[in-house]
2 protein chains.
Amino acid sequence: MYQRLPAAVALPADAAQVAAILKICHRLQVPVVTRGAGTGLSGGALPHEDGVLMVTAKMRDIVRIDPLARTAVVQPGVRNLAVSDAAARYGLFYPPDPSSQVACTIGGNVAENSGGVRCLKYGLTVHNVVALRCLTAAGEEFEVSAADAGYDLLALLHGSEGMLAVVLEATVALAALPEARATMLCAFDSYQAGGDAIAAIVAAGVVPAGLEMMDGFAVEVVEEFLGLGYPKDAALVLICETDGLAEDARGQLAQVERICAGFGARDVRIAADDAERERMWRGRKAALPAVGRRATDYYCIDGTIPRHELGATLEKISELSKKHGLPCANVFHAGDGNLHPLIMFHAGDEDEARRARDFGSEILAACVAAGGTVTGEHGVGVEKLNEMCLQFKEEELAMFHGVKEAFDPAGLLNPGKAIPTLQRCAEFGMMHVHDGQLAHPELERF
Amino acid sequence: MYQRLPAAVALPADAAQVAAILKICHRLQVPVVTRGAGTGLSGGALPHEDGVLMVTAKMRDIVRIDPLARTAVVQPGVRNLAVSDAAARYGLFYPPDPSSQVACTIGGNVAENSGGVRCLKYGLTVHNVVALRCLTAAGEEFEVSAADAGYDLLALLHGSEGMLAVVLEATVALAALPEARATMLCAFDSYQAGGDAIAAIVAAGVVPAGLEMMDGFAVEVVEEFLGLGYPKDAALVLICETDGLAEDARGQLAQVERICAGFGARDVRIAADDAERERMWRGRKAALPAVGRRATDYYCIDGTIPRHELGATLEKISELSKKHGLPCANVFHAGDGNLHPLIMFHAGDEDEARRARDFGSEILAACVAAGGTVTGEHGVGVEKLNEMCLQFKEEELAMFHGVKEAFDPAGLLNPGKAIPTLQRCAEFGMMHVHDGQLAHPELERF
C-alpha cells in the first residue's frame, strides 16, 4: 500500500556507528527512521523522503544467553526465531511468535510490541523483555529495565514505533520449553457458535498456548494450496493448543473439548503425534501465502473486539464483503479477539483499491462500534493515523505529543508515524461521515 | 519515619467532586496529594504542607463485575481484598495480593504498582489492570486501556505514585480460582543452600504461585508470637505453593521438592489439607506484626537482587546487623529476589534511628552492588529519592522529568515524590562516600 524512497540509507555495524549516525543527523536536524526487517504491516518503518533510513541488518549478534537467569542479550537486528533456536540447547525458548518470526527482528518487535499465536498465554513483547540499552535522538546512551524505579519507560518504549529512542541491545526473557503440547482441531457450523465457544473457553479460566480460528473461506483457500484435509463446509475451524506438564496439557485440552462440544463442535480431532500437530498448524500459518496465491493483492486488516462479539462481527464483515464486491478470508487470534480479515483485490484497479481501503476502514469502524479497538498487534504506522483520531480525543493526543517531546524534542525519530497531529484529526473530523462509516478516499493517508 | 500535616483534607464522594477539587487547585496552583488507605511503605502518600490531601475513602463502589470478560470495574478507594471477595461467587479472584490487602486500595495499588506473594506467577498490578479512567492535574477526564494504540500510557501510570494523573475508576482483570493448591514448607541449614535452591527452582521453569522465605530470626520471632511449629534452628524456611488443575499443582510441587532435596532441605512438610496450608502461611503473613511485638519500631527495607545472589546478600545483611548493633529479621519474596529486611530499633533513641537509616541504606547499596535495584515493590516515595540518584544518570532523570512535564506541567500532583531533582542528586553526589557505603545523615530526606 505504501512506498517511499529515503534520502540516504545507513547500515551501522555496531553501537558506536549508530551513535555517530544519530549525532550527525541531530546536528543537521535530519530525520532518522530505524528499520529492522521491514516486515511490519502498518508502514511503521516506511522511509522519510528527506531522512536517513537506518537499517539494523548488520547488528545480529546474540551477545550471550544466561540459562540460570533465563535471559538472552541480543542486538536489535537478531531475528525473532534465531533467539529460540539459540536457546533450545538449554531447553528454553523466546515466547512471542509473530507470523513473520523467521524474518522479523527483535528491534522491530520492540517497536511494534509484537504478539503472535502464543501471546494469549505468554504475553506480548513487552512482557518478555526485561531491559533495553538505547540511544536518544541526540545519540546519548541510556538503559531501562523492568526492575527500575521511576516511571515505566521500558513499557513506554514498547510499541513506540521507533519514535522515542533507538534500541542498541535487548535483554529478553526465555521460557522453559514445555514438557508436552496437546493440540485439537474442530469445526463449527455458525460464526455465533464458534465465537461463543471461544468466550466460554477463556471465561472458564483455560489459558491455551494457541487459540486460533479460520473462517470457511480461509479454509477453502488453504485446502486448495496444501490439501491438508481440514473439515469442509464449516463456518469456522478452531485450532487449540495447550502446553505444560503432560497431564496438565491433556487436562486443559479435555476441558476445551467439553466446552466446544457444548457449542456443537464437529469433526473434533486430537493430534496423535508431532507430525499430526504440525499438519494442523501448517494451514493456519500458511493462510497469508495461500491468500496471496489466490489474489494478486490482499490487504491484511488488524482490529480487536471483545470475544463475545466475535460471531456478530464476522457476520458484519461478511455483509461488507458483499457490499464492496471483494472476497475476504478471516484468520484470527480468537482468544485475544484479534481479527485479521484478508481483503483480496487488484492493486492495479484503482476502483478495487479504493473499495479495499473503504472495506478495511469499515471493518475497523465496526470493531470500535463493538467496543473494540482499531489495532491488535500491527501498530499504527502510517496506515491508521486517521483511525487514531476516532479513538482518542484532543487531550489524549496532546499527552502522546507531550511524551514524544520529552524524548525527542526536535521530532527527528520516525516523524509522521503512529500519532496523528491535532490538525490532521481536525481535517479528518470534517471528512468523517457520522453514520458508522468512514469516508476519506481523498485524504492523503500519510 | 515520616510525618507531615497537609493544609487541607478533601474527601470527595464521586468523580464530579474529584474534578471540582482538581480544577480549584489548578486555578489556585495548589498541590494535590491523592491518598488511598495510606498503607504505602515509602511515604508516597505523605501530605504536602501547602497542599490538599485528597483521600479516596468514600469512593469504594465495585461498579460491576463481568464474569464472561473476567473483569471488575471499581472505584479507586475499593480495598484490594474486597475485589476478590466480590468475585468469589463467580469462581474468580483478583491476583495481586500485597501484605496490606485487607486495607490497601486499588487506587494506591495502581500508584505503587503493587505486587505480593502471588506476583511471581500472576504479575504485578500493571499486568492485572486493563483500563483506567483518570483526570489530569487540570481536572480533565481521559481514559487509557491495554487495548489502546499509541504510547503505553496505561503502563506509564502504574507506579507513577500519583504524580501524573488521578484515577477515577479501574477495570481490573480477574483470574479463575485454581482448582487446587499444593503447599510445602521446608528448612535449609545455610543461606547459600536456600538461595541456590530458589535459583534452581525458577531456572527449572516451575512458576509457583508463592515462593517465600523467612530467615531463622524471623522464624524465632514468629514462633514466639504464634507457636505454629515451624522448624527450629534453620538458616532459612521456605514456603512454596503451586496452583492450577490438581495434577498440575501436585506435579509442580513434587518437582520443587526434588530440587530442594538436592540442596539439603530438611523438615519437608506437604500440607495435607486447607487447615494445614493456612497454618503454613499464617507465620509468613504475620511476620511484620510479630516483629512489631518484639521491637517498638521497625524499618521495612525493600530491595531486589538477582536470585543467585540471595545467599551472599543475606550473609552481608547479617554482617551489617552486627556492625550497626541492630537486630534484623528477613522475610522475602524469594522467587522475585525481592528482600524485605526488618530492622528493629527504638525511634525515640536518636542514635538508634540514625543507625537504622544507615543500615537500610547500606542494604540497598549492597543490592545495587549485587546487580539489583533499590526498590522491589514499595516504590520510591520520599524514602528513596537519594537512592534514585545512585541508580539513574542525569539523562535518564531528565526523561522522567520530561514525562512529568507532559502530564502535569505545573507540577501540582504529589510534588517532591519519586523522582529527585537534578540539583538534589548533585548535592547528594557531593555527600556520597564512594566506598560502597552511603553517608547522608545530615541530608534532609524530603
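Below, read A as the first sequence line, B as the second, and so on, with proteins coming before strands; counting in each chain starts at 1.
- Residue B:His127 touches chain A through its side chain alone, counting heavy-atom pairs closer than 4.5 Å.
- To the nearest 0.5 Å, atom CG of residue B:Leu153 and atom CD of residue A:Glu396 are 8.5 Å apart.
- For A:Ala246, no part lies near chain B; criterion is any non-hydrogen pair under 4.5 Å.
- Although no hydrogens or angles enter the test, the distance criterion places no donor-acceptor pair under 3.5 Å between the side chain of B:Glu140 and the main chain of A:Glu395.
- Annotation for B:Arg307 and A:Ala69: closest pair NH2-O, 4.3 Å, computed over non-hydrogen atoms.
- Distance alone, capped at 3.5 Å, places no donor-acceptor pair between the A:Glu247 side chain and the B:Asp248 backbone.
- Contact annotation for A:Leu68: both backbone and side-chain heavy atoms come within less than 4.5 Å of a heavy atom of chain B.
- For chain A, the option among B:Ala175, B:Gly402, B:Gly150 with the highest count of heavy-atom pairs below 4.5 Å is B:Gly150.
- Contacts between B:Pro306 and chain A at a heavy-atom distance below 4.5 Å are absent for every atom of the residue.
- Looking at B:Val403, both its backbone and its side chain come within 4.5 Å of chain A, counting heavy atoms on both sides.
- With a 4.5 angstrom heavy-atom cutoff, B:Gln252 touches chain A via backbone and side-chain atoms both.
- Interface remark: of the candidates A:Thr304, A:Val374, A:Leu164, A:Leu164 forms the most heavy-atom pairs closer than 4.5 Å to chain B.
- Closest non-hydrogen pair, A:Val202 versus B:Arg70, comes out as O-NH1, 2.9 Å.
- Looking at A:Phe400, both its backbone and its side chain come within 4.5 Å of chain B, counting heavy atoms on both sides.
- In this structure, no portion of B:Tyr90 lies under 4.5 Å from any heavy atom of chain A.
- Most heavy-atom pairs under 4.5 Å with chain B, from the set A:Ala176, A:Ala203, A:Gly205, A:Ala418: that is A:Ala203.
- Ranking A:Asn113, A:Val126, A:Ile419 against chain B, the residue ahead of the rest is A:Ile419, based on heavy-atom pairs under 4.5 Å.
- Neither the backbone nor the side chain of B:Ser145 comes within contact range of chain A, judged by heavy atoms closer than 4.5 Å.
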B:Tyr151 vs A:Lys404, side-chain contact (heavy atoms from CB on, under 4.5 Å): CA-CA, chis, key distance, verdict: CA-CA 9 Å; B:Tyr151 306 124; A:Lys404 169 75 170 168; 3.7 Å; yes
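- B:Glu405 does not touch chain A: none of its heavy atoms, backbone or side chain, sits under 4.5 Å away.
- Between A:Phe142 and B:Lys393, the shortest heavy-atom contact is CA-CE, 4.3 Å.
- Here the CG-NE2 distance, from A:Asp66 to B:His308, works out to 7.0 Å after rounding to the nearest 0.5 Å.
- To the nearest 0.5 Å, atoms CG (A:Leu157) and CG (B:Asp152) are separated by 10.5 Å.
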